[in-house]
Amino acid sequence: MSQTLINPLELEKLLAISCGITTDSGDDRFKAILTQLLGDVCRTIDKFDVTDEEFWQAVNYLNVLGERKEVALLAAGLGLEHFLDMRADAKAEAEGTAGGTPRTIEGPLYVANAPLAEGYTRMDDGTDEGEPMWLYGRVTDPQGNPVAGAVVDIWHANTLGNYSFFDRSQSEYNLRRRIKTGADGCYAVRSILPSGYGCPPDGPTQALLNQLGRHGNRPAHIHFFVSAPGCKHLTTQINLNGDLWLWDDFAFATREELIADPVSVTDKALARERDMPSPHTEVKFDFQLVPSKESREQEKIKRERVLG
Ligand code: MBD
Ligand code: FE
């Protein structure tokens with residue numbers, strides 16, 4: 001089984017030509033990376049004596065993955081997106097720029113340009129009879145001083161675990177909003193408690209997970225981009241405590257510091273003050289941003305994103 005048939009030198013000769021090592025044009029970094037990656041694929045085929053049928057099945061799988069637009073979903077499920085976080089954390093640690101609220105993955109379901117409000121807004125369109133949620137907190141610097149003019153970009157699923165835009169049955173930008181903080185650094189939204197997400201059961205990501213004996217579920221969570229001039233951009237999520245999948249997220253995004261407790265609010269006067277139904281659930285989460293002078297660090301990672 002692990003008897004290889006191919007001489008490594010012959011493989012290197014093939015790769016040198018197929019990856020353009022023997023030409024002057026093209027991009028050297030790209031050539032080097034592809035040589036490594038393609039070589040790893042070839043060595044894997046040789047090591048496991050991968051059959052032609054298996055190879056063409058894999059080719060077809062990649063086609064289906066692309067057709068269904070699930071490549072980013074699979075990247076999350078295989079832990080590749082989390083691996084990028086592990087590297088970013090290690091880099092920040094090494095550079096002495098670690099600190100603030102921890103990052104965790106963006107995931108594949110962000111939509112840019114959600115409606116922008118000052119201080120407070122409502123995120124749900126009122127059609128989903130979920131548990132009303134008051135989500136609020138403060139953006140500060142590491143010393144605890146409020147950060148004014150921070151933009152808190154929030155997105156989350158409905159009670160079925162579905163996200164607007166990708167779920168065409170929801171209204172435009174439902175459960176997606178941006179809130180700009182005032183002088184107190186505070187943000188607050190009225191929304192509904194989200195449910196956890198499950199991979200499309202008939203999709204290629206779930207099919208692969210099945211072959212690995214894994215599930216494709218995420219605990220209930222809320223996504224955030226938090227940014228402000230002079231601060232390092234933060235991509236993160238909070239997980240709602242008590243969820244069955246809290247420590248068994250198929251996308252590896254849970255972190256101890258990012259767990260928030262949903263608390264039942266029965267104080268009628270407080271509900272009235274918030275213009276919320278009584279009772280409702282509140283979720284409080286504060287963000288700490290780390291200062292940064294580099295404009296590249298102040299923005300989210302460049303990545304092709306949907307524009308509503
Ligand atoms: C999600 O909602 C999500 O956040 C991730 C990372 C993957 C799939 C669905
Ligand atoms: Fe999500």
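Each ligand, and each atom within it, is numbered from 1 in the order the structure gives.
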Closest approach of Thr140 to Val147 (non-hydrogen atoms, all atoms of both residues):
C-CG2, 3.5 Å
Does a salt bridge link Arg218 with Asp249, judged by any charged N lying under 4.0 Å from a carboxylate O?
yes
Below 30° counts as parallel, above 60° as perpendicular, anything between as tilted: where do the rings of Trp245 and His215 land?
tilted
Between Tyr136 and Trp134, what is the ring plane arrangement, given parallel below 30°, perpendicular above 60°, and tilted in between?
tilted
Polar side-chain atom of Asn174 near backbone of Asp125 as donor-acceptor pair, under 3.5 Å
yes
One checks the Fe ion (ligand 2) and counts protein N, O or S atoms under 2.8 Å, reaching 3
Could you tell me whether Phe287 and Phe285 have their ring centroids closer than 6.0 angstrom?
yes
Show me, by chain and number, every protein residue that has a heavy-atom distance under 4.0 Å to ligand 1.
Leu73, Ile105, Gly107, Pro108, Leu109, Tyr163, Tyr197, Arg218, His221, His223
How about Asn210 and Gln206: does a side-chain donor come under 3.5 Å of a side-chain acceptor?
yes
Give me the atom names and distance for the closest heavy-atom approach of Phe165 to Val111.
CB-CG2, 3.8 Å
Say whether, by atom type as modelled, one donor and one acceptor occur between the side chain of Gln298 and the main chain of Pro229 under 3.5 angstrom.
no
